[in-house]
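Have a look at the structure below, then the notes.
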Amino acid sequence: MTKNQALRAALDSGRLFTAMAAHNPLVAKLAEQAGFGGIWGSGFELSASYAVPDANILSMSTHLEMMRAIASTVSIPLIADIDTGFGNAVNVHYVVPQYEAAGASAIVMEDKTFPKDTSLRTDGRQELVRIEEFQGKIAAASAARADRDFVVIARVEALIAGLGQQEAVRRGQAYEEAGADAILIHSRQKTPDEILAFVKSWPGKVPLVLVPTAYPQLTEADIAALSKVGIVIYGNHAIRAAVGAVREVFARIRRDGGIREVDAALPSVKEIIELQGDERMRAVEARYLK
Ligand code: SPV
Ligand code: MG
């Protein structure tokens, strides 16, 4: 089974698929080892790893090359975050085959204007494109894929933009009609009420995708019980974990005046060498180095 087929089968199964954010292949490998179903190729995480805002500051090629590196490292499906599709429907028609060729099994495209602003920022610029325009972008994405199992996910930002439930449902339905395989509905409310109300009133046939960053109280068991959600995406837990751990270790080394105390608390160099794929290189060496 290909990665695309695996993701498609997971969506069809009705069971909840979990995707963890990654901003590089090492983190993606850790997510795979931890047992997540797939990788979320997060624009927020990659932007943060370059220390720039998640607002289309990074180029498409920077994101695309990272997706290629991640996809070539893990054997679980990669869901690529292509923000607004890097332009209009014409751009999308050219962009999607590149992500497919890079090894992604899905794209998520959001209905905001280009350049976007990150959804979770308080008072961010959250302007949406016309529904018809975004339908054209979804149709372009679906038509441009080579493999029918490649998944096109349309992301509704109406709740993020403060436009209300009715507009969010209207957009979700319009995007399903345009050919989206799933609808990502995003909210930055600190409780799940807004999302739960949307899920309850969702009349569509395609599954929903949730990113519960702002309302972490909602567990996988809670989400699975809703029965309309196909994928849960953990949007930024790799970069936040990294920032917390790195900060703590750096502070400790400054405090201790050296690395002696902190050393035992860190993963060993041997572990890192293993994560680098040392075993494979040793096998290649043994076979071919003459
Ligand atoms: C991302 O991780 O890049 C996302 C999710 O798009 S969010 O940051 O919540 O918008
Ligand atoms: Mg994003």
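Both counts, for ligands and for their atoms, begin at 1 and track the order of listing.
- Taking only non-hydrogen atoms, the option from R155, E110, E45 nearest to atom 4 (C) of ligand 1 is R155.
- Residue contacts with ligand 1: D81 is placed with a nitrogen or oxygen under 3.5 Å of a nitrogen or oxygen of the ligand (distance criterion only).
- Remark: ligand 1 and V211 share no N or O pair separated by less than 3.5 Å (distance only, no angle test).
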Full working for side chain to side chain donor-acceptor pair (under 3.5 Å) between R240 and T213: CA-CA 11 Å; R240 286 163 66 197; T213 308; 5.6 Å; no
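- Side-chain N/O atoms of S119 and K112 include a donor and acceptor closer than 3.5 Å.
- Residue-to-ligand polar distances keep T118 apart from ligand 1: every N/O pair is separated by 3.5 Å or more.
- Atom CZ of R15 sits about 14.5 Å away from atom OG of S227, to the nearest 0.5 Å.
- The distance from ligand 1 to the heavy atoms of G43 drops below 4.0 Å at these ligand atoms: 3 (O).
- When each of I79, D149, D181, D12 is paired with L7, the side-chain contact (heavy atoms from CB on, under 4.5 Å) condition holds for I79 and for no other.
- Among the atoms of D81, an N, O or S atom falls under 2.8 Å from the Mg ion (ligand 2).
- Residue L120 places no N or O, backbone or side chain, under 3.5 Å from any N or O of ligand 1.
- Two residues are said to be in side-chain contact when any heavy atoms from C-beta on lie closer than 4.5 Å; H23 and Y50 fail this criterion.
- Atom 8 (O) of ligand 1 has as its closest protein heavy atom F44 CB, 3.7 Å.
- Of all atoms in ligand 1, numbered sequentially from 1 with element shown, those under 4.0 Å from a heavy atom of S119 are 10 (O).
- The protein heavy-atom contact nearest to atom 2 (O) of ligand 1 is S42 OG, 2.7 Å.
- When hydrophobic clusters are built by joining Ile, Leu, Val, Met, Phe, Trp and Tyr residues whose side-chain heavy atoms come closer than 4.5 Å, directly or via intermediates, I233 is grouped together with V151.
- Shown in contact with G235 at under 4.0 Å from a heavy atom are these atoms of ligand 1, numbered in order with element: 2 (O).
- To the nearest 0.5 Å, the span separating CZ on R125 from OG1 on T113 amounts to 8.0 Å.
- Between the CD1 atom of I231 and the CD1 atom of I183 there is a distance of 11.5 Å, given to the nearest 0.5 Å.
- Taking only nitrogen or oxygen atoms, main chain and side chain alike, H186 reaches within less than 3.5 Å of ligand 1.
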